[in-house]
Protein chains: 2
Amino acid sequence: MSNARERILEAAKAAFSERGFDGVSMEEIAQRAGVRKPLIYYYFPSKEVLFEEVWNRALEELENHIFKEVENENYYVRKIKRFLRAYIDFVTSRKVLSKVIEKERASVLDGSGEGDVWKRLKRRYDDFLNRVAQLIEEGKKNELVNPEIDSQTAAKLITEALAASTTSGSVLKSIESFILSGLMGRTGS
Amino acid sequence: MSNARERILEAAKAAFSERGFDGVSMEEIAQRAGVRKPLIYYYFPSKEVLFEEVWNRALEELENHIFKEVENENYYVRKIKRFLRAYIDFVTSRKVLSKVIEKERASVLDGSGEGDVWKRLKRRYDDFLNRVAQLIEEGKKNELVNPEIDSQTAAKLITEALAASTTSGSVLKSIESFILSGLMGRTGS
DNA sequence: AGCATTTTACTGACCAGTCGGTAAAGGAGG
DNA sequence: CCTCCTTTACCGACTGGTCAGTAAAATGCT
């Protein structure tokens, strides 16, 4: 088993999280991995594909962390609270991964990337968003989430908002109650 | 009065909004402005400073649009509703400007940019964030906003969430009520 | 076992092209 | 002539990516 490939991925993850896709050169990744640049191309056909694997791994870890915590809980209010707590926990404890996503989400989502790779990145993120939307939809069926709220929009809004909360521990409770009230409340017009 | 400078800024704005700071070359900006590249350097000392002016203008327009609508309203609930509506209106009607901000906000905020310029960009954005936080603080004084909520965090969260809502018209009401409930509600733990 | 061959993991040297940025010289109007 | 705007021509550094080659490990064959 080659650990060079893994070291490259690790270095790429760190680099992309600091400066984003365009801000990082293959040479930099190679140096951080303690490897010559052509070796990266031995394992990955292009910079884009390398980023794709970093991106997919980040989303997979995020999904695992969040939905594992949620699936064995049947009472919806507890479920959504667990979801929020797990999300916040992920963002604060796995900052590197979170920043990879945060830095490129805007570019991935508005689909300005022209190659196949960027389309796949977008699909992957949309899948994640759909799982969150499904969770909200479930709350509407249980009549615990405001039915006026569009699930897709709420999913986008919540994930975006939570990603921004890399702030320290004490304020997290307020984030949680903020979103919770937003979902359930009915203060509109 | 030279309109070349203005054409350059306009072209830069459009380009940066599509591909972000690192994704755009000075040559591309020059071509889109119908100008040779060195002319950009006649008006702007560097790519960073050019971006700085685009960034500052975007934030200034956003602030004007938002706070102009708010300042002559004294009843707080109407005030915050106007704020949200103006924000959503800006995001949906001035998409180019919104995207400039959205694409670089993560990089600007985590301060990985090393030069003076990036520090100034961050300061500028923090100022904007503080004005939003002040608005929320005002709601706490009027006992209309949940006092558990940290204003700074809420400001970050709301702006981040609103920026993501480039979706079409019908869902905007639900975004508004979502955030409104989040601010006022008290469903926490 | 021992030898030959293929595969794996890796590197130095090097592309062609692009990057941000510059020096110097027009061209136009006063 | 001078000053302001604009261009032509160019630079060194760096970009993503390629290629020929290699040490060592795995495999096949006898």
Side-chain angles (χ1 to χ4, degrees), chain A residues 1-55 100 103-104 107-108 112-121, chain B residues 1-55 100 103-104 107-108 112-121:
Chain A
M1 210 245 282
S2 150
N3 74 4
R5 201 187 123 99
E6 219 54 41
R7 291 219 317 284
I8 290 168
L9 277 165
E10 204 63 28
K13 182 173 79 181
F16 286 139
S17 88
E18 289 168 13
R19 280 193 276 290
F21 181 80
D22 285 323
V24 168
S25 75
M26 295 300 264
E27 186 58 48
E28 183 190 344
I29 294 172
Q31 270 170 355
R32 293 174 81 142
V35 142
R36 309 300 150 224
K37 190 173 57 158
L39 187 60
I40 303 182
Y41 286 94
Y42 177 76
Y43 289 109
F44 305 93
S46 69
K47 188 187 182 186
E48 287 181 348
V49 171
L50 169 60
F51 180 75
E52 185 181 11
E53 186 152 341
V54 172
W55 179 259
V100 171
K103 283 250 165 67
E104 292 308 321
S107 299
V108 167
S112 71
E114 288 163 29
D116 301 350
V117 176
W118 293 95
K119 281 193 182 110
R120 293 204 301 268
L121 294 179
Chain B
M1 212 245 278
S2 152
N3 72 4
R5 200 187 125 99
E6 218 54 42
R7 290 218 318 283
I8 291 167
L9 276 165
E10 203 63 29
K13 182 174 79 182
F16 286 139
S17 87
E18 288 167 15
R19 280 193 278 288
F21 181 81
D22 285 324
V24 167
S25 75
M26 295 298 264
E27 187 58 46
E28 184 191 343
I29 295 172
Q31 271 171 353
R32 294 174 79 143
V35 144
R36 306 302 145 217
K37 189 174 56 157
L39 188 58
I40 302 181
Y41 286 94
Y42 176 76
Y43 289 108
F44 304 93
S46 70
K47 189 188 182 186
E48 286 181 349
V49 171
L50 170 59
F51 180 75
E52 186 181 11
E53 186 153 340
V54 172
W55 179 258
V100 171
K103 282 250 165 68
E104 290 312 316
S107 298
V108 167
S112 69
E114 287 162 32
D116 301 350
V117 176
W118 292 95
K119 280 190 183 111
R120 293 204 303 267
L121 294 179

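We use all heavy atoms of the structure for the numbers below, so side chains are in, but hydrogens, waters and symmetry mates are not. Chain A is the first sequence line, chain B the second, and so forth, proteins listed ahead of strands; every chain is numbered from 1.
- Rounded to whole angstrom, the span from the CZ atom of B:Arg7 across to the C1' atom of D:dC5 amounts to 12 Å.
- Comparing C:dA9, D:dT18, C:dG20 against the side chain of A:Tyr41 picks out D:dT18 as the nearest.
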A:Phe51 vs A:Val24, test: side-chain contact (heavy atoms from CB on, under 4.5 Å). Steps then yes/no. CA-CA 11 Å; A:Phe51 180 75; A:Val24 168; over 6 Å; no
Could you list, one pair per line, each protein nitrogen or oxygen that sits under 3.5 Å from a nitrogen or oxygen of nucleotides 26-30 of chain C, together with the distance?
none

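- Put simply, CZ on B:Phe44 and CZ on B:Arg5 are 4.0 Å apart, with the number rounded to the nearest 0.5 Å.
- Among residues two or more places apart in sequence or in another chain, the salt bridge (Lys or Arg N to Asp or Glu O under 4.0 Å) test is passed with A:Glu48 by none.
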Along nucleotides 19-27 of chain D, 5' to 3', which nucleotides get a B, which get an S, and which get a -, given that the test is a protein heavy-atom distance under 4.0 Å? B--------
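- A:Arg120 is listed as a side-chain neighbour of A:Val117, based on a closest heavy-atom distance under 4.5 Å.
- The stretch residues 27-39 of chain B participates, sequence neighbours left out, in these salt bridge (Lys or Arg N to Asp or Glu O under 4.0 Å) pairs: B:Glu18-B:Arg32, B:Arg19-B:Glu28, B:Glu28-B:Arg32.
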When the side chains of residues 10-17 of chain A are checked against the rest of the protein, which donor-acceptor pairs come out under 3.5 Å, sequence neighbours left out?
unit_1	atom_1	unit_2	atom_2	d
A:Glu10	OE2	A:Lys13	NZ	2.9
A:Ser17	OG	A:Ala14	O	2.9

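- Residue B:Arg5 contributes atom CZ, which lies 12 Å from atom P of D:dT6 at whole-angstrom precision.
- Taking atom NZ of residue A:Lys37 and atom P of nucleotide C:dA13, one finds them 14 Å apart after rounding to whole Å.
- Contacts between residues 25-34 of chain A and DNA chain C, defined by a heavy-atom separation below 4.0 Å, involve no residue at all.
- Among the nucleotides D:dC5, C:dT11, C:dG21, the one closest to the side chain of B:Ser46 is C:dG21.
- Here the shortest heavy-atom pairing between B:Val54 and B:Val100 reads CG1-CG1, 4.0 Å.
- At a cut-off of 3.5 angstrom, counting only N and O atoms as typed in the model, there is no donor on one side facing an acceptor on the other between the side-chain of A:Lys47 and the base of D:dG17.
- When every heavy atom of B:Ser46 is checked against every heavy atom of B:Tyr41, the shortest pair comes out as CA-CE2, 4.2 Å.
- What separates CG of A:Asn3 from P of C:dT8 is a distance of 18 Å, to the nearest Å.
- Pairing each heavy atom of B:Ala4 with each of B:Leu39, the nearest pair is CB-CD2, 4.1 Å.
- In this structure, CG of A:Leu39 is placed 17 Å from P of C:dA13, rounded to the nearest angstrom.
- As rounded to whole Å, 22 Å separates atom P of C:dA24 from atom CZ of B:Arg36.
- Nearest heavy atoms, B:Leu9 versus B:Leu50: CD2-CD1, 3.9 Å.
- Between B:Val35 and B:Arg7, the closest heavy-atom pair is CG2-NH2, 3.7 Å.
- Between B:Tyr42 and D:dT6, a side-chain N or O to OP1/OP2 separation shorter than 4.0 Å is absent.
- Atom P of nucleotide C:dA9 and atom CD1 of A:Ile40 are separated by 16 Å, given to the nearest angstrom.
- Look at CG on A:Asp22: it is 15 Å from P on C:dT18, rounded to the nearest Å.
- For the pair B:Lys103 and B:Phe21, the cation-pi criterion (under 6.0 Å, within 45° of the ring axis) is not fulfilled.
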